Amino acid sequence: MPEQQTITLTVNGRVHTKDVATRTSLADFLRDQLHLTGTHLGCEHGVCGACTVTVDGRSARACLMLAVQADGREVVTIEGLKDPAGVWHPVQKAFFENFAIQCGFCTPGFFATAIELLGQNPDPTEAEIREYLSGNICRCSGYQAIVEAVRAAAAAMQDHQRG
Amino acid sequence: MSGTRFVNERMVGSSVLPEEAIPLVEGEARFLNDISFAGMFHVAFLRSQHAHARLARIDTSRARALPGVVTVLTGADLLGKVEPFTSMPNRFSGGQSTQHWLAVEKVRFCGEAICTVVAESRALAEDAIELIEVDYDPLPVVTNARDGERDGSPLVHDTCPNNYLIRRDYQSGDVDAAFANAHLVVKRRFQLGRKQALCMEGRGCVAAWRDGSFKLSMWMSHQLPYVVRHYLAKHLGLSETDIRVVAPQTGGGFGQKASIYPEEFVCAFLALQLRRPVKWVEDRLENMVASTHAREHDIEVALALDAEGHILALQSDIWTDVGAYSTYLWSAGMEPLQTGGLMPGPYQVKALRYTTRGVATNKTPVGPYRAVGRPSASASLELLLDQAAAELGIDPVEIRRRNIIPQSAMPFRNGNNLVHDHVGYMPCLDMALAKSGYPVLRKEQQAMLAKGKLRGIGVACFAELTGLGTSTAVGPGTLLQPGRDAVTLRLETSGKLTIAAALPSQGQRIATAMRQVAADELGIRLDDIACLTNDTGMAPYGFGTFASRTAVFGSGAVIQAAGELRRRILAVAAHIMQTPSEELMLADSVVETVDRTRSLPLRQLAEHSFFSAKDIPSEINQGFEVTAFYDPKHGSFAAGAHVVVVDVDEETGHVEIVRYVAAEDVGRIINPAVVEGQIIGGIAQGVGEALYEQLIYDENGQPRTVTLADYLVPSALEVPHIELHHANTPSGALGGFKGCGEGSIIGALAGISCAVADALRQRGGDIFHFPATPERVLRGLGVALDDAA
Ligand code: FES
Ligand code: FES
């Protein structure tokens with residue numbers, strides 16, 4: 001493999017073409033080359049989930065993925081969750097209003113995972129939420145407020161769909 | 001102090017949404033690793049592969065030759081230039097350890113920093129680390145406290161005979177007579193493993209040369225910016241006025257970021273020497289070995305009781321494996337002293353004796369972590385109370401009732417010399433029992449047993465001393481006694497209020513809490529109040545955030561400063577409005593006459609007093625900036641009672657928490673949702689402590705748990721839903737506040753431990769070693785296993 005490669009990818013709706021070292025992780029690429037520091041690194045070995053972002057609609061651990069693997073794909077990070085009018089995603093709003101953020105280091109990963117869950121299962125039970133979020137570690141909250149936030153977000157998104 | 005003139009007393013007690021969390025919601029918060037400067041170099045550390053060894057040879061030449069490497073330092077390069085860390089002298093016996101920032105001659109634990117590399121990028125610095133050659137001459141290792149204490153054990157420090165970094169023998173009351181005359185004596189052993197605070201963000205710093213008027217500016221993921229500043233000055237030979245320390249957005253602290261470590265100080269040295277900004281960010285593998293560990297107790301405890309189950313005397317023998325160095329500035333005394341001294345908890349213990357030791361081993365140093373010492377102390381006693389109740393044929397709840405300090409006896413001085421007052425132990429127990437339906441739980445337990453299913457119930461009561469002032473040490477017997485913090489209130493010329501304090505938040509929403517208190521005290525709208533908590537360049541002096549103190553100190557100081565600021569505001573208003581100040585009130589950011597016929601918005605008043613001050617006599621116009629120090633003197637006891645129900649799978653040894661009810665007394669609550677987050681978060685860490693988390697070392701002192709795949713942190717599946725109830729008794733501190741950050745982890749370890757033991761007791765088993773891993777549970781049930789666990 002060459003040491004440098006040029007990649008083109010969409011991040012938060014914007015197309016970027018960049019030279020990257022092939023050993024660069026997607027997380028480091030987002031943080032260092034695109035200055036999107038909202039993606040956090042809690043372990044860099046794929047366990048904590050803090051680095052979770054959305055790639056082509058699915059959650060992905062940005063610490064385990066190489067930037068070159070994101071070539072041609074569409075990435076969404078926490079910085080891209082607001083709608084074009086600047087309104088928070090229902091998951092952002094629910095986390096804020098339910099006090100589901102303490103230190104906030106884990107939060108970006110929980111957002112990506114929760115959004116994926118609600119895309120697949122618009123009305124999850126508490127057990128389903130806990131199961132789905134079990135790959136994300138939060139050391140501060142004890143998860144209860146996070147579970148409540150995901151339920152609140154689900155309700156808000158369903159209301160919104162019903163109009 | 002709060003007069004009747006202030007009408008909007010409503011912010012304290014309501015779950016105000018935390019404005020300070022908005023940058024976190026939007027991914028724009030600036031954590032340490034998000035800070036960069038032009039020309040910044042990156043730092044990495046070479047760490048010891050051996051637990052105990054002489055450094056025979058260090059060859060850094062290949063690393064130095066790597067393009068992009070700026071410099072490489074070894075311990076020898078720092079000798080004589082900086083002052084190493086020597087643990088504080090303590091009043092008790094035990095030797096002192098000296099910790100060089102980079103190891104000199106010897107390494108004493110796996111992970112100890114030996115060399116540092118500065119390079120143009122972190123990746124380059126790490127590549128250079130690989131090129132350094134170190135020859136080690138391995139030495140015999142000490143890997144546990146009981147062995148390390150024996151005569152003839154290898155010594156971690158030549159200055160510490162029997163490897164004691166601390167030993168204290170304490171006695172009050174006639175313990176021997178109590179045991180001799182007791183109706184019943186019960187004894188047991190309690191062991192708790194070593195654990196990690198596991199902040200999701202590790203430590204780190206950016207050290208910058210000549211930022212503004214400061215020679216050294218440090219952005220550092222830390223809980224105590226002013227303390228760091230003081231020690232940076234002392235160890236680097238600078239003046240404190242040359243240094244600014246800022247704690248940026250911080251991804252968890254839990255005590256792990258309250259100690260002083262070598263790495264950040266090396267970075268400060270490098271910034272000064274290179275005259276360039278340098279950055280070091282700890283990765284997870286480093287964090288697991290280079291940031292302080294916690295706990296690791298081995299306790300033998302005995303209780304003397306009369307025929308009714310009243311405690312006559314409590315005696316304990318405590319070994320804490322404190323690791324290779326006495327943690328800097330807190331000393332090795334934290335865990336050993338608090339475990340012994342605070343063991344009586346909420347119970348009347350007239351006669352108390354303990355011998356407690358902090359034994360040096362070739363492992364990572366142990367430092368402060370959420371509820372230092374108290375979880376093990378509490379679990380030891382609670383398990384023993386259950387054992388005594390079983391022998392006396394009374395219910396576990398009944399024996400607690402007979403020994404709890406009742407409010408009618410307060411103020412009550414206990415055998416450990418602590419005074420209990422303004423705290424409701426019995427109300428917490430009553431509430432936890434009522435809300436859990438305790439008698440029904442016991443019936444269900446029997447019904448399960450009849451079906452061959454093992455269920456256990458644990459009831460644990462705890463006392464938690466918070467908001468410690470100058471009269472009570474954080475670690476009983478340690479010399480460091482922080483007890484006074486300041487807040488500055490400044491009315492800006494726009495009429496907005498700025499609160500400044502050196503009480504950084506790691507997610508506790510301290511700024512929101514202080515804004516709520518200030519809003520009520522001053523009658524200024526919450527939206528008009530900003531709060532800075534993290535910068536020695538702006539804040540008045542303070543010790544920082546630890547030991548469940550911040551809400552108490554911050555709020556107390558706000559209340560004190562607000563009294564004076566309000567007086568000054570109303571004096572100027574009286575002059576402008578030509579009305580006696582007694583006839584004025586301040587509400588919703590407006591000064592009004594009490595008959596509400598005339599008003600003056602604060603904005604106008606503030607502008608006037610600053611920009612058009614000519615017409616206001618200067619003895620009236622004293623400036624709208626007030627700093628007040630607050631010292632709560634004795635501290636306030638918080639309390640709780642937890643009822644925990646677990647099911648134990650006899651095939652696998654797996655423990656599942658099926659019900660968790662907590663009743664807590666955290667005094668007058670400022671922001672209920674924030675408080676609940678603190679309490680539930682503490683319980684979650686207690687779930688890990690009781691059932692999953694342990695740092696394991698092999699017999700050579702090699703750590704076996706260095707990733708999150710090996711070290712099991714509870715996920716949303718392991719932490720149960722917590723039913724939380726409040727049984728609050730206001731404290732004697734200003735505002736009636738108490739701390740709430742740590743207490744719940746005490747009840748969690750004790751409650752879960754008791755529940756597991758209660759389950760095993762149904763089969764004639766028991767458990768003495770925690771966390772209660774499946775192997776230990778199976779052993780406790782009498783299942784013969786291979787020796788692995
Ligand atoms: S940083 Fe990627 S999973 Fe932990
Ligand atoms: S909020 Fe701190 S780790 Fe989740």
Side-chain angles (χ1 to χ4, degrees), chain A residues 21 23-24 28 31-32 35-50 77-82 88-89 92-93 95-111 126-127 129-147, chain B residues 15 17-18 21-31 33-36 123 197-202 249-254 281 283-285 505-509 671 673-674 676-685 687-688 707-709 713-722 724 744:
Chain A
R23 74 174 183 174
T24 303
D28 285 345
R31 291 180 49 83
D32 299 339
H35 307 296
L36 293 170
T37 54
T39 297
H40 298 153
L41 291 165
C43 70
E44 295 177 271
H45 49 255
V47 184
C48 76
T77 70
I78 185 172
E79 290 93 340
L81 295 182
K82 283 192 240 180
W88 285 351
H89 188 283
Q92 287 176 297
K93 184 164 184 280
F95 269 64
F96 180 68
E97 290 178 351
N98 286 276
F99 294 77
I101 300 171
Q102 288 189 25
C103 82
F105 201 78
C106 68
T107 305
F110 274 95
F111 282 176
E126 169 168 352
I129 295 170
R130 286 182 180 270
E131 172 75 41
Y132 210 88
L133 297 182
S134 66
N136 289 70
I137 296 173
C138 174
R139 191 53 157 171
C140 300
S141 70
Y143 303 102
Q144 197 150 313
I146 292 177
V147 171
Chain B
S15 292
L17 288 174
I22 290 171
L24 294 162
V25 176
E26 302 191 339
E28 290 174 345
R30 217 175 276 281
F31 288 87
N33 199 15
D34 308 333
I35 297 169
S36 281
L198 214 109
C199 310
M200 289 310 297
E201 180 206 31
Q249 197 84 45
T250 299
F254 315 117
V281 177
D283 69 24
R284 181 59 61 195
L285 305 186
S505 164
Q506 302 81 41
Q508 304 92 328
R509 303 289 165 257
N671 186 316
V674 168
E676 281 163 23
Q678 288 295 304
I679 293 172
I680 291 170
I683 291 172
Q685 291 189 6
V687 169
T707 70
L708 296 188
V713 182
S715 77
L717 285 178
E718 285 80 40
V719 180
H721 176 82
I722 314 292
L724 176 58
S744 64

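Throughout, a chain's letter reflects where its sequence line sits, starting with A, and its residues are numbered from 1. All figures in this text were calculated on a predicted structure; none of them were measured in a lab.
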Point to revise | Side-chain donor/acceptor of B:E201 to backbone N/O of A:F105, under 3.5 Å | key: no
Practice item. Write down the atom of B:G27, the atom of A:E79, and the distance for their closest heavy-atom approach. Key: O-OE2, 3.7 Å
Exercise for review: Identify which of B:I722, B:I683, B:D283 forms the greatest number of heavy-atom pairs closer than 4.5 Å to chain A.
Suggested key: B:I722
Review point. Looking at A:C103 and B:F31, what are the two nearest heavy atoms and their distance?
Key: O-CZ, 3.5 Å
Practice item. Take A:Q102 and B:L24, measure what side chain to side chain contact (heavy atoms under 4.5 Å, CB included) needs, and give me the verdict at the end. Key: CA-CA 9 Å; A:Q102 288 189 25; B:L24 294 162; over 6 Å; no
Revision key, fill the gap. Turns out that what part of A:S141 lies under 4.5 Å from chain B's heavy atoms comes down to backbone
**Study point:** Most chain A-contacting option - heavy-atom pairs closer than 4.5 Å, from B:M200, B:E718, B:Q506, B:E28
**Key:** B:M200
Practice item. Select one option (side chain, backbone, both, neither) describing which atoms of B:A197 are under 4.5 Å from chain A's heavy atoms. Key: backbone
**Study point:** Proximal component of B:I680, with respect to chain A [non-hydrogen, under 4.5 Å]
**Key:** both
Revision key, fill the gap. In short, A:R31 meets B:N33 closest at the heavy-atom pair NH2-O, 3.1 Å
Revision key, fill the gap. Cut-off 4.5 Å, heavy atoms of chain A, and the answer for B:T250 is backbone
**Study point:** From SG (A:C140) to CD (B:Q508), nearest 0.5 Å
**Key:** 8.0 Å
Check your understanding: Is it the backbone or the side chain of B:V674 that comes under 4.5 Å from a heavy atom of chain A, or both, or neither?
Key -> both
Revision key, fill the gap. Okay, A:L81 and chain B: the region with an atom under 4.5 Å from a heavy atom over there is neither
Check your understanding: Can you name the residues that form a ring-ring contact (aromatic ring centres under 6.0 Å, His included) with A:Y143, not counting sequence neighbours?
Key -> none
Practice item. Under 4.5 Å heavy-atom distance to chain A, tell me which part of B:Q678 shows up: side chain, backbone, both or neither. Key: both
Practice item. Measure from the side-chain N and O atoms of A:R139 to the backbone N and O of B:F254, and report whether any donor-acceptor pair falls under 3.5 Å. Key: no
Practice item. Could you look at A:Q92 and say if it's the side chain, the backbone, both or neither that has a heavy atom under 4.5 Å from chain B? Key: both
Check your understanding: Side chains of A:I137 and B:L708: does their closest heavy-atom pair fall under 4.5 Å?
Key -> yes
**Study point:** Atom group of A:E126 that falls short of 4.5 Å from chain B, counting heavy atoms
**Key:** side chain
Check your understanding: Which atoms of B:L285 come close to chain A, meaning under 4.5 Å heavy atom to heavy atom: side chain ones, backbone ones, both, or neither?
Key -> side chain
Check your understanding: Can you say whether B:P23 sits under 4.5 Å from chain A via the side chain, the backbone, both, or neither, judging by heavy atoms?
Key -> neither
**Study point:** Non-hydrogen atoms of A:S134 and B:S715 that approach each other most closely
**Key:** O-CB, 3.4 Å
Exercise for review: Name all residues meeting the salt bridge (charged side-chain N to carboxylate O under 4.0 Å, His left out) criterion together with B:R284; count only those two or more places apart in sequence or in a different chain, and write none if there are none.
Suggested key: none
Study note, to complete from the structure: Separation between CD (B:E26) and NE2 (A:H89), nearest 0.5 Å, reads 14.0 Å
**Study point:** Proximal component of B:S15, with respect to chain A [non-hydrogen, under 4.5 Å]
**Key:** both
Practice item. Check whether A:Y132 gets within reach of chain B through its side chain, its backbone, both or neither, counting any heavy atom under 4.5 Å. Key: neither
Check your understanding: Can you name the nearest heavy-atom pair linking A:G142 to B:A684, along with the distance?
Key -> CA-CB, 3.4 Å
Practice item. Against chain A, label B:N671 side chain, backbone, both or neither, depending on which of its atoms sit under 4.5 Å from a heavy atom there. Key: side chain
**Study point:** Steps toward side chain to side chain contact (heavy atoms under 4.5 Å, CB included) verdict (A:E97, B:L17)
**Key:** CA-CA 7 Å; A:E97 290 178 351; B:L17 288 174; 4.2 Å; yes
Exercise for review: Just do the side chain to side chain contact (heavy atoms under 4.5 Å, CB included) check on A:F95 and B:V25 with the steps written out, would you?
Suggested key: CA-CA 8 Å; A:F95 269 64; B:V25 176; 6.0 Å; no
Check your understanding: Given a strict heavy-atom distance threshold of 4.5 Å, which part of A:H40 is in contact with chain B: side chain, backbone, both, or neither?
Key -> side chain
**Study point:** Between B:G677, B:A29, B:S505, the one whose heavy-atom pairs under 4.5 Å with chain A are most numerous
**Key:** B:G677
Practice item. Heavy atoms only, distances under 4.5 angstrom: which of A:D28, A:T39, A:I78 has the most pairs with chain B? Name it, please. Key: A:I78
